[in-house]
Amino acid sequence: MMRLSSDFKERLANGIKTCWTSPSNIALIKYWGKKGHQLPANPSLSFSLNEAFTITRVQTQLLSAGNGPEVIFTFEGERNDVFGEKIMTFLAGLANYFPFLPFVKLIIESGNTFPHSAGIASSASSMSALALSLVSIEQELSDNKYDEVAFKQKSSYIARLGSGSACRSVYGGYTVWGKHPDFENSSDDYAVPAAFTPGSLFVNIKDTILLVDPTPKKVSSRAGHNLMNDHPYAAARYTQAMGNLSKIKAAIINNDWESFALITENEALSLHAMMMSSNPGYLLMHPNTINIVQLIWEMRKQNYMKVCFTLDAGPNIHLLYPDTETEKIEALINESKQYCFRGKIIHDNIGKGPENKYCK
């Protein structure tokens, strides 16, 4: 924990403003199931997106009595006390990490470039943006500064406490979270950049999100994770994920699209199989999700396209393909629009990670 400067209250009295944009990420190897306090039951691999992100601005006000923190939260221009209460609950467990919290009112303005709670990891982008903001405020109140590695590592750790997948959004490119023997320095406590050199097909990978249903999902990810505690297939799923992570790393390094596609789709379907076989079981895929999957398989076979799909905990399809296949994929995307909500899609690609340029 960084030590606060002796005049930190004076610095708070002057007000501190910080802002971060932080991306959603799409997991290739899925994290589903928890142990301990927000620790993953299996490791996961993701890449950060470029266009789907959260912008979070935070301004501090001094509470000299030390009975804080307090939060005023607005989402996309409107005050949202429900989200504000969730943030207060999150902050209540962070006093040991941020000793300035009892002395602040946080005025938080947040907004997304994509629908929230629809299975596009909005909690990942929002909680990582907030974690980055908190660590930035801590630095402003301290005489010492983190180096970049330590700054990101603490931000990832704090983001994990709010939303597990958020710890991966602190980084750009490919990121691994969870201890795995094939990834040096990997940890359950925070995510780390995946230390491998991807083959040419995976350097500029595209992700076109097909919005089957942009409304909030009926079962939260938190509830879904809890249902893994007594799941009859949990142990087999965690073993499967460990093996798939080794295999997909090799596929990305060796430029093996066929193996990558097979593993990625296997992970997506396994995730939803865990949901359907929970007790109680539930469905987050919609009929049009299945229609798009079948269309992908059919057109891929007919046209020899390098394309595959994945799903997060929701009905929306992430269509993955190398940037060199963009022209060939257009017909598939256009055909898929009939199954999307009002034909809605989001074109995205692998991103470089969080930025604070929107603060200026």
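When reading the values below, keep in mind they use all heavy atoms of this one structure, side chains included, and skip hydrogens, waters and symmetry mates.
- In the displayed structure, Y233 atom OH is contacted under 6.0 Å by at most 12 heavy atoms of other residues, nucleotides or ligands.
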Could you go step by step and tell me if H272 and L284 meet the side chain to side chain contact (heavy atoms under 4.5 Å, CB included) rule? CA-CA 8 Å; H272 284 262; L284 292 184; 4.1 Å; yes
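- Between Y321 and W257, the ring center distance fails the sub-6.0 Å criterion.
- Side-chain atoms of Y171 never come within 3.5 Å of backbone atoms of G353 as a donor-acceptor pair (strictly under, hydrogens ignored).
- At least one donor-acceptor pair under 3.5 Å links the side chain of N80 to the backbone N or O of V82.
- With D256 contributing its side chain and S259 its backbone, the two residues share a donor-acceptor pair below 3.5 Å.
- Taking the six-membered ring where the residue is Trp, F151 and Y146 present perpendicular rings, their angle passing 60° and hence far from 30°.
- Side-chain contact of W32 with E267: a donor-acceptor pair under 3.5 Å is absent, judged by distance alone.
- Contact annotation: the side chain of L210 never approaches that of N288 to less than 4.5 Å [non-hydrogen atoms, C-beta and beyond].
- A side-chain donor from one of T54 and S125 sits under 3.5 Å from a side-chain acceptor of the other.
- Donor-acceptor pairing under 3.5 Å is recorded for the side chains of N266 and N244.
- In this structure, I292 and I317 approach most closely via the heavy-atom pair CG2-CG1, 3.9 Å.
- T215 and D213 share a donor-acceptor pair across their side chains, judged by distance under 3.5 Å alone.
- Annotation for D143 and S5: closest pair OD1-CB, 3.4 Å, computed over non-hydrogen atoms.
- Listed for the E10 side chain is no donor-acceptor partner under 3.5 Å among the backbone atoms of D7.
- Heavy atoms from other residues, nucleotides or ligands lying under 6.0 Å from CG of D230 number 12 at most.
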Where do T56 and S110 land on the side-chain hydrogen bond (donor to acceptor under 3.5 Å, both in side chains) test, with the steps shown first? CA-CA 4 Å; T56 296; S110 192; 3.1 Å; yes
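- The neighbour count for K328 NZ, taken as heavy atoms of other residues, nucleotides or ligands under 6.0 Å away, is above 12.
- For an aromatic pair to be called close, the ring centres must be under 6.0 Å apart, and Y97 with Y157 satisfies this.
- There is no path of hydrophobic side-chain contacts, each under 4.5 Å, that joins L45 to Y238.
- Between the side chains of T60 and K17, no donor N or O sits under 3.5 Å from an acceptor N or O.
- Counting only distance, with no hydrogens or angles, the side chain of S156 and the backbone of C167 share a donor-acceptor pair below 3.5 Å.
- Between T264 and I248, some side-chain heavy-atom pair lies under the 4.5 Å cut-off.
- Heavy-atom contacts from other residues, nucleotides or ligands closer than 6.0 Å to CD of E70 number more than 12.
- When all heavy atoms of D188 and G178 are compared, the pair lying nearest together is OD1-CA, 3.3 Å.
- Judged by a 6.0 Å distance limit and a 45° cone about the ring axis, K249 is not positioned over the six-membered ring of F196.
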Take F8 and F100, measure what ring-ring contact (aromatic ring centres under 6.0 Å, His included) needs, and give me the verdict at the end. CA-CA 8 Å; F8 80 94; F100 65 85; 8.3 Å; no
Could you give me the CA-CA distance, side-chain angles and deciding distance for E138 and K154, then say whether salt bridge (Lys or Arg N to Asp or Glu O under 4.0 Å) is met? CA-CA 11 Å; E138 180 189 29; K154 178 161 185 178; 3.0 Å; yes
Test log, rule side chain to side chain contact (heavy atoms under 4.5 Å, CB included), inputs I108 and L130: CA-CA 9 Å; I108 304 171; L130 179 57; 4.1 Å; yes
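- Judged by distance alone, the side chains of N255 and S200 do bring a donor and an acceptor atom under 3.5 Å apart.
- Heavy atoms of other residues, nucleotides or ligands lying less than 6.0 angstrom from CD of Q302 number more than 12.
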Under the salt bridge (Lys or Arg N to Asp or Glu O under 4.0 Å) criterion, do D147 and K145 qualify, and how do the steps go? CA-CA 6 Å; D147 61 26; K145 304 297 181 186; over 6 Å; no
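- Under a hydrophobic-cluster definition in which Ile, Leu, Val, Met, Phe, Trp and Tyr are linked whenever side-chain heavy atoms come within less than 4.5 Å, directly or via other members, L269 and V307 are assigned to the same cluster.
- A distance-only check finds a donor-acceptor pair linking the side chain of K217 to the backbone of A313 [under 3.5 Å].
- Residues Y31 and S46 bring no donor and acceptor atom of their side chains to less than 3.5 Å of each other.
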Please lay out, stage by stage, how R300 and E265 fare under the test salt bridge (Lys or Arg N to Asp or Glu O under 4.0 Å). CA-CA 13 Å; R300 181 170 66 192; E265 292 183 354; 2.8 Å; yes
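- Counting heavy-atom neighbours within 6.0 Å of K179 NZ, excluding the residue itself, gives a total above 12.
- D348 contributes no side-chain N or O that, together with a main-chain N or O of T208, makes up a donor-acceptor pair within less than 3.5 Å.
- Remark: the H180 side chain and the S186 side chain contain no N/O donor-acceptor pair separated by less than 3.5 Å.
- The minimum heavy-atom distance linking P315 with H286 is given by the pair CB-CD2, 3.7 Å.
- Residues S246 and D182 have side chains that bring a donor and an acceptor to within less than 3.5 angstrom of each other.
- Within 6.0 Å of the NZ atom in K301, the count of heavy atoms belonging to other residues, nucleotides or ligands does not exceed 12.
- Counting heavy-atom neighbours within 6.0 Å of K34 NZ, excluding the residue itself, gives a total above 12.
- Of all heavy-atom pairs spanning S165 and A124, the tightest one is OG-CB, 3.5 Å.
- Clustering ILVMFWY residues whenever any of their side-chain heavy atoms sit less than 4.5 angstrom apart, transitively, puts Y190 in a cluster other than the one holding L39.
- Side-chain contact between T18 and L134: absent, with no pair of heavy atoms (C-beta onward) separated by less than 4.5 Å.
- With hydrogens and angles ignored, the 3.5 Å screen pairs a side-chain donor or acceptor of Q38 with a backbone N or O of R160.
- In terms of heavy atoms, A268 sits closest to F309 at CB-CE1, 4.2 Å.
- Residues V104 and L62 have side chains not in contact (no heavy-atom distance under 4.5 Å, counting atoms from C-beta outward).
- Distance alone, capped at 3.5 Å, places no donor-acceptor pair between the S24 side chain and the A52 backbone.
- In this structure, the side chain of T239 engages the main chain of A235 through a donor-acceptor pair within 3.5 Å.
- The same ILVMFWY cluster, assembled from side-chain heavy atoms under 4.5 Å apart, contains both L132 and F90.
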Run K30 and D312 through salt bridge (Lys or Arg N to Asp or Glu O under 4.0 Å) and show every step you take. CA-CA 8 Å; K30 305 297 185 181; D312 262 345; 3.4 Å; yes
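- I26 and W177 end up in different hydrophobic clusters when Ile, Leu, Val, Met, Phe, Trp and Tyr side chains are linked at under 4.5 Å.
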Step by step, work out the side-chain hydrogen bond (donor to acceptor under 3.5 Å, both in side chains) result for N25 and S48. CA-CA 4 Å; N25 67 78; S48 294; 5.7 Å; no
Take L311 and H318 through the side chain to side chain contact (heavy atoms under 4.5 Å, CB included) test and state the conclusion after the steps. CA-CA 6 Å; L311 295 142; H318 290 253; over 6 Å; no
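- The closest side-chain donor-acceptor pair between R168 and S44 falls under 3.5 angstrom.
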